[in-house]
Amino acid sequence: MLTKELLSYILDIGELMLVNGAEVNRVEDSISRICKAYDAKRVDVFTITSSIVVSIQLKSGNTLTQTRRILSYSTDLDKLDRLNNLSHYVCSHTPEAEYIRNEIEKIRIRRKYGAVVQYLVYGMIAGTFTIFYGGDVNDAAVSAAIGMILKLAITFIQRVDKNVFFVNILCSFVVGMLGFLLVRIGIGHSFEMIAIGNIMLLIPGLALTNSIRDIISGDTIAGLLRLCEAILVASSISFGFGLVSVFIGGMFK
Amino acid sequence: MNHTYQIITAFMGSLGFSILFNIKGRKLGYAAFGGMLAWVIYLLGGLWLSGEMMQYFISSIIVTFYSEICARIEKTPATTFLTAAIIPLVPGRALYYTMSYAIDGKFGEFAEYGSYTVSIAVAIAAGIMVASSLSRVFFALRSYEFRHHSM
């Protein structure tokens, strides 16, 4: 039987899915399937990137409505995988609310990779994309080092202010300054290649692609919101680089 | 030789992002291989296809099929593999150039690069949509047949 409590747990599943990187489509689909499995007469789900609204009509004639506001995301595909399994399980077994709550708690506390691994991976990604786009070994080494510093900068700046625009401006400024200095000293060869390797860690190329995917698949509003976010992030990154060129003067052609 | 480096780094780049996206265990390997596959197909496409957008389109179709197949093997959403595997194709560099032209006030180049970036994103997104719709149809048909035979 669908109760307020149960609906709130179902929304928890949906919210966590969205936060951890599920498409809007999948979230709406999972929520309405689960509600149907619990014998709702009619389910209306509306999801955009920043909110979920669910309204269900029960067989008894009552209506339940709940909403969630989503403020931040971080892609975690391990959690998404588990949430997906949970939602399949709930659909086919319709367990008690208590069970769902425990499972959600178990998923919530799952860890990401350790800090050391994260730093190394930032370095690796920056270095590999520098080579990928045509840099040489020196550039890759410099880029990898800056990548690790970038991770440090992100962690530190996010502690002060979580605003995406602000974080990206400062981070790309740090990358730009370090890149310029290391090229000036002579360790790195091409500023552009070093910048692009690190940019891959910040730039919302994936968000841009996903937003267009949302638009094509019919979730126009969600797609447009994501598109705006992507453009905002991209411009904040270039503002950061713009700041660098203000400081050093005439870096860009 | 340049291409060999690119293929190796595409693998490593996808592996890196898979770790950032917290993919675990055996799935890491699948996802990273997907990234390499994406770039190999892109490069191969350069030999036969006319136009860069076609290369992106075909490559993202094949990578999406690959992710759907891996998803069936590992019993997890296809997004898991697709998100990481699509990374080498994603127009990060073009987006960066677009925005830096805007900042420098070079609006001619900005418009040119901007439309280039958006076309890449559209080509990839369209490829993903085509392939995931097709594979939905294909797997629905297969499970239908399966039920028919087992009855």
Side-chain angles (χ1 to χ4, degrees), chain A residues 20-23 26 74-81 84-85 110-113 117-118 120-134 140 195-196 199-206 208-217 230-231 234-239 241-242 245 252-253, chain B residues 2 5-25 27 31 39 60 74-77 79-81 83-84 86-104 106 117-118 120-130 132-133:
Chain A
N20 289 310
E23 314 92 313
R26 181 185 299 280
S74 67
T75 310
D76 184 335
L77 297 171
D78 176 54
K79 281 185 187 161
L80 180 59
D81 178 23
N84 204 54
N85 289 340
R110 285 188 71 82
R111 291 269 186 85
K112 286 206 164 193
Y113 285 92
V117 179
Q118 299 258 349
L120 290 177
V121 166
Y122 263 75
M124 184 178 96
I125 292 175
T128 49
F129 276 104
T130 297
I131 295 182
F132 185 81
Y133 286 122
I196 282 169
I199 284 282
M200 284 305 281
L201 287 161
L202 297 170
I203 206 123
L206 197 63
L208 180 73
T209 311
N210 281 338
S211 73
I212 290 173
R213 201 172 138 201
D214 275 338
I215 293 174
I216 297 178
S217 68
I231 292 173
S235 32
S236 64
I237 292 168
S238 36
F239 280 149
F241 274 90
S245 69
F252 298 99
K253 279 172 256 165
Chain B
N2 195 7
Y5 288 139
Q6 279 198 327
I7 291 167
I8 296 167
T9 48
F11 178 85
M12 288 172 72
S14 276
L15 180 68
F17 273 101
S18 315
I19 295 173
L20 288 192
F21 294 150
N22 209 18
I23 300 176
K24 293 207 165 136
K27 291 173 209 151
W39 200 252
S60 67
E74 288 287 317
K75 306 227 179 314
T76 179
T79 336
T80 313
F81 305 108
T83 314
I86 215 78
I87 291 283
L89 296 178
V90 144
R93 183 168 67 154
L95 190 57
Y96 164 65
Y97 276 127
T98 309
M99 287 302 165
S100 67
Y101 283 133
I103 298 288
D104 291 351
K106 294 178 179 166
T117 309
V118 172
I120 295 177
V122 169
I124 297 172
I128 293 173
M129 291 311 298
V130 167
S132 58
S133 305

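Naming: A, B, ... by sequence-line order, numbering from 1 per chain. Since the structure is predicted, the reported quantities are computational estimates derived from the model, not experimental observations.
Neither the backbone nor the side chain of B/Ser14 comes within contact range of chain A, judged by heavy atoms closer than 4.5 Å. With a threshold of 4.5 angstrom between heavy atoms, A/Ile231 approaches chain B through its backbone and through its side chain. For B/Ala10, the parts lying near chain A are the backbone and the side chain together; criterion is any non-hydrogen pair under 4.5 Å. For B/Met129, the part lying near chain A is the side chain, with the backbone staying farther off; criterion is any non-hydrogen pair under 4.5 Å. With a 4.5 angstrom heavy-atom cutoff, A/Tyr122 touches chain B only via side-chain atoms. Only the side chain of A/Met124 comes within contact range of chain B, judged by heavy atoms closer than 4.5 Å. Looking at A/Tyr133, the atoms closer than 4.5 Å to chain B (heavy atoms on both sides) sit in the backbone and in the side chain alike. In this structure, the portion of B/Lys27 lying under 4.5 Å from any heavy atom of chain A is its side chain and not its backbone. Contacts of A/Asp214 with chain B are absent, with no heavy-atom separation under 4.5 Å from either backbone or side chain. Neither the backbone nor the side chain of B/Phe11 comes within less than 4.5 Å of any heavy atom of chain A. Both the backbone and the side chain of A/Leu77 come within contact range of chain B, with heavy atoms under 4.5 Å apart. Heavy-atom distances place the backbone of A/Arg111, and not its side chain, under 4.5 Å from chain B.
We find the OG1-CZ distance between A/Thr128 and B/Phe17 to be 8.5 Å, quoted to the nearest 0.5 Å. In this structure, the separation between OG on B/Ser60 and CZ on A/Arg213 is 10.0 Å, given to the nearest 0.5 Å. Considering CG of A/Leu208 and OG1 of B/Thr117, their distance stands at 8.0 Å, rounded to 0.5 Å. In this structure, CD1 on A/Ile125 lies 8.5 Å from OG on B/Ser18, to the nearest 0.5 angstrom. Here the straight-line distance linking atom OG1 of A/Thr209 with atom CD1 of B/Ile86 works out to 7.5 Å at 0.5 Å rounding.
Across all their heavy atoms, A/Pro204 and B/Leu95 have their closest contact at CD-CD2, 4.0 Å. Of all non-hydrogen atoms in B/Ser100 and A/Ser238, the two that sit nearest each other are N-CB, 4.0 Å. The heavy-atom pair separating B/Val118 from A/Ile212 by the smallest distance is O-CD1, 4.4 Å.
Contact annotation: the side chain of B/Ile8 never approaches that of A/Ile131 to less than 4.5 Å [non-hydrogen atoms, C-beta and beyond]. At least one side-chain heavy atom of B/Leu20 sits under 4.5 Å from a side-chain heavy atom of A/Leu201. At least one side-chain heavy atom of B/Asn22 sits under 4.5 Å from a side-chain heavy atom of A/Tyr113. Here the side chains of A/Leu80 and B/Thr76 are not in contact, with every heavy-atom distance at 4.5 Å or above. Between A/Val117 and B/Ile19 the shortest side-chain heavy-atom distance falls below 4.5 Å. Residues B/Ile87 and A/Phe129 have side chains in contact (heavy-atom distance under 4.5 Å, counting atoms from C-beta outward).
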Would you sort out whether A/Phe132 and B/Trp39 count as a side-chain contact (heavy atoms from CB on, under 4.5 Å), showing the intermediate values? CA-CA 10 Å; A/Phe132 185 81; B/Trp39 200 252; 3.5 Å; yes
Is there a side-chain contact (heavy atoms from CB on, under 4.5 Å) between B/Thr79 and A/Glu23? Walk through the geometry before answering. CA-CA 9 Å; B/Thr79 336; A/Glu23 314 92 313; 3.5 Å; yes
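Checked for salt-bridge contact, B/Lys24 and A/Asp81 miss the test: no charged N lies under 4.0 Å from a carboxylate O.
If you tally non-hydrogen atom pairs under 4.5 Å between each of B/Ala126, B/Pro77, B/Pro91 and chain A, the highest count goes to B/Pro77. Ranked by non-hydrogen atom pairs under 4.5 Å with chain B, the options A/Gly127, A/Ser235, A/Ala22, A/Ser74 are led by A/Ser235.
Aromatic ring centres of A/Phe241 and B/Tyr96: separated by under 6.0 Å.
Here A/Lys112 pairs with nothing under the salt bridge (Lys or Arg N to Asp or Glu O under 4.0 Å) rule; sequence neighbours left out. Residues satisfying the salt bridge (Lys or Arg N to Asp or Glu O under 4.0 Å) test with B/Arg93, not counting sequence neighbours, are none.
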